Protein chains: 2
Amino acid sequence: MDMIINRIAHYAEIGIPQFQELLSLPHRIETREAGQDIVNAGETVDYVFIVETGWAIRYQLLDDGRRQIVNFMLPGDCFDLMSLTKAKSDHSVSAATQVMLRRIKSDDFLKTIKTDPKLATAFWWVAIQEETILREQIVRNGRMSAKERVASLILELSRRLSISTGEQDNSLHLPVPRTHLADALGLSVVHVSRTLAWLKREGFIAIDPGMIHILRRNDMAVMAEFDDRHLHINKLKY
Amino acid sequence: MDMIINRIAHYAEIGIPQFQELLSLPHRIETREAGQDIVNAGETVDYVFIVETGWAIRYQLLDDGRRQIVNFMLPGDCFDLMSLTKAKSDHSVSAATQVMLRRIKSDDFLKTIKTDPKLATAFWWVAIQEETILREQIVRNGRMSAKERVASLILELSRRLSISTGEQDNSLHLPVPRTHLADALGLSVVHVSRTLAWLKREGFIAIDPGMIHILRRNDMAVMAEFDDRHLHINKLKY
DNA sequence: CGGCCCATTGAGCCAGTTCAAAAAGGGTGG
DNA sequence: CCACCCTTTTTGAACTGGCTCAATGGGCCG
């Protein structure tokens, strides 16, 4: 729960007390192992999930096995805010690593949100960010070269993690295999690997197993046209 | 205003009376010529816009002039619902054709939404669809071939237009130049042209200036793995 | 009729793919 | 601590979908 508090507090002037009610809602903590499904496309979802630890992915499969990862869900992210209207999910969600999830009944969640306008605004904010990340992903996959794509995804993940942990860190713990990066970026694993090698050769990053160290964040951001302003826009106004 | 009523009524059991208040809100009708900006990236937006006629595009430019169109905004679409929190826009919106827009002050809009839970649900629904369209776009640009991309975009646009006009039509009036399709699909104009020629050769479509006729909708949907269920999911429950 | 913009077609090229093999981890059991 | 197996990552080599550059063809407007 810390993570999401960090995240929201990063933007909104919202106190811990505001979260007490949310924290105290009836909930269940679920654990899923890497690869297990959390939500299947076509299912109706009655819960809001908050990622406590681990990474999850939202993805869609095509008939012949191609997979597109739509986005990564990191600690502090929640889903599906959008399905508070009891819509069927159109994409699947599964655990990318071992994941701990807080599961809250949509109805309870909605009721709480409605009682506190600050909470409502905060979660509206969360939804905006989610959309922004999706749009960024479209630009990446649509118009960027492999080098730019890999670099900007690394920067995005690093930035998002640092916001929810509350500490800036140039060492990005990457708990997912390269195939996940490839399927997020619309590239082949082979080329992701080559591109990472190139980033390393250029001195942008250093690579350790399960780890990427960002050595020249600014240069890399320029190279990939990565602008993280949208990830920590001005504080909320009420 | 008809368009958005059609659209929402297509999903939600919501009566015309519910829209009266929305309709009667103080607003301005603005007209923009093709190519003119509506919202600039970095701007704070205080208005909700509803497209009355014409097409608009949301896009982002990269330094060297590459452009990614994030999505098309058709009659009945509204934006930016998300910036009801007074966020800075992270992408630009401009008119793709001559456009008529209904401009409503965010505060007024928000106030009305809040008074009527049915309206609130309806617009939450609109936001879900918007996100769904974005996700679909990610899958398209990330993992689909040029043929699949072009076909599925044509099907999506056709579907969305038919929902807001209320009539199914196999003739898609395409008022934008090929460059727009290219920039939406992450392809070059040249290749969009070739791909359209291929679709025509295969008998999926017929082409007239400014017009695309869908001849074999089902086959085309299978070919492009286009599933429009998400665009007219079950009716809303309250 | 001429000019301009957009769309199409042709030809060669290149970024990223596929196929294949080798190398590097990372358990697990002896 | 080593030997084995399995998975992931890296590297090599050849291929190709889509790109770029360039020329041609249509439509529309003045």
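Every heavy atom of this structure was used, including side-chain atoms; hydrogens, water molecules and symmetry mates were not. Chain A is the first sequence line, chain B the second, and so forth, proteins listed ahead of strands; every chain is numbered from 1. Here the structure is a predicted model, which means the values were calculated and not measured.
- In the model, Q129(B) has no side-chain atom that pairs as donor or acceptor with a side-chain atom of T132(B) under 3.5 Å.
- Using modelled atom types, one finds no donor on one side chain facing an acceptor on the other under 3.5 Å when comparing Q68(A) with Q60(A).
- At the heavy-atom level, G210(A) lies nowhere under 4.0 Å from the strands shown.
- Per the geometry, CE belonging to M144(B) stands 17 Å off C1' belonging to dG17(D), to the nearest Å.
- Spacing between atom CH2 of W198(A) and atom P of dA15(C) amounts to 12 Å, rounded to whole angstrom units.
- Among the heavy atoms of the strands, none lies under 4.0 Å from L196(A).
- Closest heavy-atom contact between K88(B) and G42(B): CD-O, 3.4 Å.
- For the residue pair S193(B)/R178(B), the side-chain donor-acceptor check at 3.5 Å is not satisfied.
- Nearest nucleotide to the V190(A) side chain, out of dA20(C), dT9(D), dG16(C): dA20(C).
- Rounded to an integer number of Å, the gap from CG of L174(B) to C1' of dA7(C) is 13 Å.
- In this structure, L187(A) atom CG and dT9(D) atom P are separated by 15 Å, rounded to whole Å.
- At a threshold of 4.0 angstrom between heavy atoms, the contacts of S145(A) are confined to the sugar-phosphate backbone, with no base atom among them.
- Positionally, the nearest nucleotide of DNA chain C for V189(B) lies more toward the 5' end than for the other of V189(B) and R194(B).
- Residue whose closest nucleotide on DNA chain C sits further toward the 5' end, between H191(A) and P209(A): H191(A).
- Between D208(A) atom CG and dG26(C) atom P there is a gap of 10 Å when expressed in whole angstrom units.
- If you take CG of D183(B) and P of dC19(D), they are 11 Å apart, rounded to a whole angstrom.
- In terms of position on DNA chain D, the residue among R143(A) and A197(A) whose nearest nucleotide sits closer to the 5' end is A197(A).
- Residue I207(B) contributes atom CD1, which lies 14 Å from atom C1' of dG26(D) at whole-angstrom precision.
- Salt-bridge annotation for R7(A) and D77(A): present, with a side-chain N of the basic residue lying under 4.0 Å from a carboxylate O of the acidic one.
- Look at CZ on R201(B): it is 11 Å from C1' on dT9(C), rounded to the nearest Å.
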